[in-house]
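In listed order, ligands and their atoms are each counted from 1.
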Amino acid sequence: MAGDGDCARCCFSFVFTSGLAALFLWLSLRPSKPSFYIEDLSVPGLNLSAAERSNHSILFKVGLRNQMKDKGVGYGDISLLFLYNSTLLVANHTLPAFYQGHGKTAHRIDAADAAGVPWSAAVAALTANGSVRFGVRAATRVKFKIMLWFTRSHALRVAGDVEVGPSGRKLNKKSIKLKSGAAEPHNLWLTFGVATLFTFFFL
Ligand SMILES: *[C@@H]1O[C@H](CO)[C@@H](O)[C@H](O)[C@H]1NC(C)=O
Ligand SMILES: *[C@@H]1O[C@H](CO)[C@@H](O)[C@H](O)[C@H]1NC(C)=O
Ligand SMILES: *[C@@H]1O[C@H](CO)[C@@H](O)[C@H](O)[C@H]1NC(C)=O
Ligand SMILES: *[C@@H]1O[C@H](CO)[C@@H](O)[C@H](O)[C@H]1NC(C)=O
Ligand SMILES: *[C@@H]1O[C@H](CO)[C@@H](O)[C@H](O)[C@H]1NC(C)=O
C-alpha cells in the first residue's frame, strides 16, 4: 500500500516537473514579433513656409526592430499605406523583403507617391489648425529563424497616426511606434496546450 502511494507521488511530481520544464522551454523558444517605428515623416507639399509646394510625395524613415537576442526575422514584402486625415487612402508603397539578424534594427528611408492628397484642402486645414493627421498602416509576413530553421510565416499588421505641422514635417520629434489593433488572446492557451502535450509526450 505504501509503495502505491510513493509511486503516485513520484508520478505526480514527474508530471509536474516535466510540465514546468516544457512550459519554460516553450516560453524561451516562443518568438516575439518585431517592432515598427515611424522615425521621421515629411510632406514637402504641406510646407507652408516653402514658396514652391509642387512635390506631391511623402518622405519617410521607418525603423524595424528585432528585439530577440537568439532569433532572426525574415520579412516578406512590406506594404505601407498612408491615409490623409487617417481616413482617405493617398499612397500605397511597398518596401522589399529582407532578413534581419539577432537584436538588429533596420532603417528605411524612401518616398511614397501621394498624388491623392486633396492638396488645397490639406493646406487650408493645416493653416487653420496648425496640424494635419496622416495614418500609416504597415503589413507584412514574418518568419522566425531559430538556429538553422525558419518557422512558418505569421501576419504582422500595425498602424498609427502621425501629426504633421506647418513645416510639413512630423510634429513630435520622437519615433512613433505602430501598434497592432488585435490582441493575441490565443497565446496563453497555446502555451498551456503545448505544455500539456509535452507532458503527455514525456509520459
Ligand atoms: C520648409 O521650407 C523652408 C523654405 O524653403 C525650408 O527652409 C525648410 O527646410 C522646409 N522644411 C522642411 C521640413 O522641409
Ligand atoms: C521630391 O520628391 C522626390 C520623390 O518623388 C524626393 O526624392 C525628393 O527628395 C523630394 N524633394 C524635396 C525637396 O523634398
Ligand atoms: C478628418 O476626418 C474627420 C472624421 O474622422 C472629419 O470630421 C474632419 O472634417 C476631417 N478633416 C479634414 C481636414 O478633412
Ligand atoms: C497596393 O498596391 C498593391 C500592388 O500594387 C496592390 O496589390 C494592393 O491591393 C494595393 N492596396 C490597396 C489598399 O490599394
Ligand atoms: C480643423 O479644425 C476644424 C474646426 O475646428 C475641424 O472641423 C477639422 O476637423 C480640423 N481638421 C483636422 C485635420 O484636424
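The closest donor-acceptor contact from the side chain of Ser79 to the backbone of Thr94 lies at 3.5 Å or more, if one exists at all. In this structure a side-chain-to-backbone donor-acceptor pair under 3.5 Å is missing from Asn66 to Gly72.
Taking the six-membered ring where tryptophan is involved, the planes of His56 and Trp119 are essentially parallel, since the angle between them stays under 30° and well short of 60°. Using a 30° and 60° split on the angle between ring planes, Tyr84 and Phe134 fall in the perpendicular class, above 60°.
With ligand atoms numbered from 1 in the order given, ligand 4 contributes 1 (C), 2 (O), 3 (C), 8 (C), 10 (C), 11 (N), 12 (C), 14 (O) to contacts under 4.0 Å with heavy atoms of Asn92. For ligand 3, the atoms lying closer than 4.0 Å to a non-hydrogen atom of Ala125 are 13 (C). Near Tyr84, the atoms of ligand 3 lying under 4.0 angstrom from a non-hydrogen atom of the residue are 13 (C).
Taking a heavy-atom cut-off of under 4.0 Å, ligand 1 is surrounded by Asn47, Ser49, Ala50, Ser167, Arg169.
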In sequence, state the C-alpha distance, the side-chain angles, and the governing distance for Leu88 and Leu83, and then conclude on side chain to side chain contact (heavy atoms under 4.5 Å, CB included).
CA-CA 5 Å; Leu88 177 67; Leu83 296 95; 6.0 Å; no
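Across all their heavy atoms, Ala155 and Arg141 have their closest contact at CB-NH1, 3.7 Å. Taking all atoms of both residues into account, the shortest heavy-atom contact from Gly76 to Thr140 is O-OG1, 3.0 Å.
Annotation: Thr87 places no N or O atom under 3.5 Å from an N or O atom of ligand 3; distance criterion only.
Applying the 6.0 Å contact sphere to CZ of Arg157 captures no more than 12 heavy atoms from other residues, nucleotides or ligands.
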